[in-house]
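Letters go in sequence order (proteins before strands), and every chain restarts at 1. No experiment lies behind these values; they were computed from the predicted model shown.
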Amino acid sequence: MHPVELIAVSKSYDRTTKVLEHIDLTIEEGEFFVLVGPSGSGKSTLLRMIAGLESITGGELRLKGNMVNHLPPKDRHLSMVFQNYALYPHLTVKQNILFGLHAKKVKKAEQEQRLYETAEMMGLTDLLNRKPKQLSGGQRQRVALARSVVSQAPLCLMDEPLSNLDAKLRAHMRVEIRRLQKKLGLTMIYVTHDQVEAMTMGDRIMVLNDGTIQQIGQPIELYNQPANLFVASFIGSPKMNLGEATIEDQQLTIEQTLQLPLSMSDIPQVIQRRNLIVGIRPEHLAYAKPEEADLWLEVINIEHLGNETLLTFEVGRELWTAKWLGQWLIQVGERVPLSVSIKHFSFFNRDSGALIQAPTENQHLEVVAL
Amino acid sequence: MNQVALPFKQIEANDLERMTKKQKRIKTFKGFSFLAPSVLLFSLFLFYPLGRTIYLSLFLTNSSGITTVFVGLENYQNIFLSPIFLKSLQSTFLFVLYTVPGAILVSLFLAIIANEKLKGIGFFRTMYASTMGISTAAASVFWLFLFHPTIGWLNQLLNVIGVAPIGWLTDPEWALISVAISTVWMNIGFTFLVLLGGLQSIDYYLYESADIDGAGYFYKLRRITLPMLSPTLFFVITVTFINAFQTFGQIDMLTRGGPQNETHLMVYSIYQEAFMNYQFGTASAQAIILFVFILVLTIIQFKLGERKVHYQ
């Protein structure tokens with residue numbers, strides 16, 4: 001029995017335009033499931049529909065095998081963390097955490113017991129008598145998490161919980177939330193617009209755009225085999241380098257400027273010759289010794305990140321980025337030698353955006369199975 | 001070189017000091033010039049009349065308000081010995097007691113039901129707030145018709161359900177209550193609007209979070225709505241409270257202080273003393289007493305109330 005199942009779920013506010021269309025989704029017990037997409041893609045709406053805060057226009061929502069379309073939020077046995085934490089400003093941390101238990105008339109002794117355990121776990125023991133406005137952003141975040149933990153609901157929903165924190169704290173809380181989820185064995189549905197958050201936290205990710213599912217899969221799967229152009233450009237930072245391409249006489253021409261030799265055996269699934277878009281990840285635009293270079297490109301911008309260097313090139317109308325490990329002292333305007341392999345290219349249909357062929361040689365150096 | 005350079009530096013330092021001083025003066029001047037209009041207006045229409053009233057309250061005057069005999073605090077003594085004034089004091093307090101909780105409770109109820117997201121709720125919000133746009137005089141005329149002993153709707157209604165008619169404005173038992181009812185009705189518009197504004201500024205996330213936690217309607221009302229509304233409630237209570245003490249228009253229109261001085265509220269009493277009896281000294285003394293009452297009670301209210309208010 002799956003904790004959450006969505007069957008052809010759709011949402012429409014005015015009966016003509018659909019905010020969400022035909023969402024089919026099954027979430028496993030104890031899974032950290034991430035909904036990711038740009039703003040306006042409907043990911044928060046979907047989460048709120050699961051929570052019961054928004055009505056479901058079409059389809060079926062099942063929790064633990066039971067149809068719950070009609071149930072109010074309180075009967076769905078779940079907890080939720082809101083983007084702005086939704087702490088009650090007039091109540092202390094302790095009262096905030098106990099609000100739900102109090103409402104459900106849980107026995108006093110048990111309330112105390114659960115409060116104590118949760119506060120201990122979240123490191124809030126010293127803050128119990130403070131008001132939310134006396135807390136820092138990170139502490140408020142922890143109170144919001146504590147409220148969700150104390151309810152002991154097996155399903156936890158989070159709506160962009162880290163977006164109000166600074167970068168450093170966000171990275172820290174990512175780890176903390178992930179650890180908490182594993183420790184308590186919670187089934188988590190986590191909404192974010194940040195693909196880094198999605199990649200680092202999710203067991204599985206669903207990419208949503210314009211109310212339709214783009215792809216569902218494990219983070220690495222999404223990175224290596226993006227189902228379409230949207231996922232390809234959304235997942236990964238810096239994003240995948242894309243360019244229009246044609247194939248002619250054993251040659252791949254990209255943006256009418258780059259030409260690469262190619263043999264048909266490299267790309268068995270690419271039948272069409274025109275209307276292609278090819279993509280290559282920045283780390284696959286590697287440095288080559290001048291005499292072994294496949295192509296030379298002029299550097300138009302360079303970013304030093306310390307441990308790696310990002311170089312930007314102009315390819316036709318597109319800007320391409322290369323990611324090189326280490327520190328490279330290169331000047332803007334220099335032409336640098338690059339090696340590219342056809343095996344690293346993804347091929348997409350330009351009209352539908354769908355993937356025709358994923359890279360045949362996928363990170364075989366980087367992916368290490370233990 | 002050094003010896004030559006030093007005096008120059010000295011001069012520069014002096015110049016700098018002079019210039020910062022000058023800038024400070026300009027800043028102060030600017031500040032006062034912004035303050036001037038309100039200081040002027042307040043002095044003209046508030047501080048001077050207040051001072052003049054205190055001055056007048058120590059004298060006897062002739063019929064055109066010119067001071068004649070200095071009597072010191074005698075006006076005040078006489079007032080507190082006058083049974084009419086004591087009666088007026090009692091009526092005023094009763095009136096405040098009827099109208100403040102009445103207006104607050106009714107408009108709080110209306111604001112809470114009008115805060116629901118329903119189709120056409122805008123119509124009800126407009127209706128409930130509409131009494132704000134009706135002048136006291138117009139509203140009083142309207143209530144005068146309702147209260148009319150024979151053709152008034154209220155008595156006709158009583159007639160239908162078989163209850164003996166009530167002399168709403170003529171029966172000493174009922175007059176103050178009738179005026180209070182009409183006053184509550186007139187105040188609802190303003191208090192409703194302010195309370196609705198307060199309710200709408202409460203973050204809806206709080207309710208959603210409470211929904212997920214399993215809180216019921218009244219639990220949310222008690223634990224979220226009322227505490228979060230408390231600053232607005234406090235403001236509305238203070239304003240209605242002060243307004244109730246200063247009621248005049250509807251008294252003048254509906255009862256003229258009668259029957260048997262039952263609705264002879266303080267401001268009406270001041271008005272009568274000054275412009276009917278031409279006793280400007282006594283009237284001024286009454287005005288000062290009213291001022292002190294309102295001031296003291298408002299201070300007490302702040303002291304007691306602020307502790308229970310949750311400011312964000």
task = Walk me through it: do L91(A) and R223(B) pass the test side chain to side chain contact (heavy atoms under 4.5 Å, CB included)?
result = CA-CA 9 Å; L91(A) 301 179; R223(B) 292 291 302 273; 3.6 Å; yes
inquiry  = Go through it in stages, so that I can follow the logic: the residues are I212(B) and L53(A), the test is side chain to side chain contact (heavy atoms under 4.5 Å, CB included), and I'd like the CA-CA distance, side-chain angles, deciding distance and then a yes or no.
reply    = CA-CA 8 Å; I212(B) 287 174; L53(A) 298 171; 4.0 Å; yes
task = Test F99(A) against S209(B) for side chain to side chain contact (heavy atoms under 4.5 Å, CB included), laying out the working first.
result = CA-CA 10 Å; F99(A) 188 92; S209(B) 176; over 6 Å; no
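Residue F123(B) qualifies as open at atom CZ: its count of foreign heavy atoms under 6.0 Å is 12 or below. Enclosure of atom NZ in K94(A) is not indicated, since only 12 or fewer non-hydrogen atoms of other residues, nucleotides or ligands lie within 6.0 angstrom.
Within the 4.5 Å cutoff, the side chain of M228(B) has heavy atoms near those of the P89(A) side chain.
Contacts between S79(A) and chain B at a heavy-atom distance below 4.5 Å involve the backbone alone (N, CA, C, O). If you measure heavy-atom distances from R48(A) to chain B, the contacts under 4.5 Å come from the side chain alone. With a threshold of 4.5 angstrom between heavy atoms, D203(B) approaches chain A through side-chain atoms but not through N, CA, C or O. Using a 4.5 Å cut-off between heavy atoms, D75(A) does not touch chain B at all.
For the atom pair CG of D211(B) and NZ of K74(A), the computed distance is 9.0 Å after rounding to the nearest 0.5 Å.
Between D213(B) and Y88(A), the shortest heavy-atom distance links the atoms OD2-OH, 4.4 Å. Residues Y205(B) and N84(A) approach most closely at CD1-ND2, 3.0 Å, considering heavy atoms.
Most heavy-atom pairs under 4.5 Å with chain B, from the set R147(A), M80(A), H102(A), H77(A): that is H102(A).
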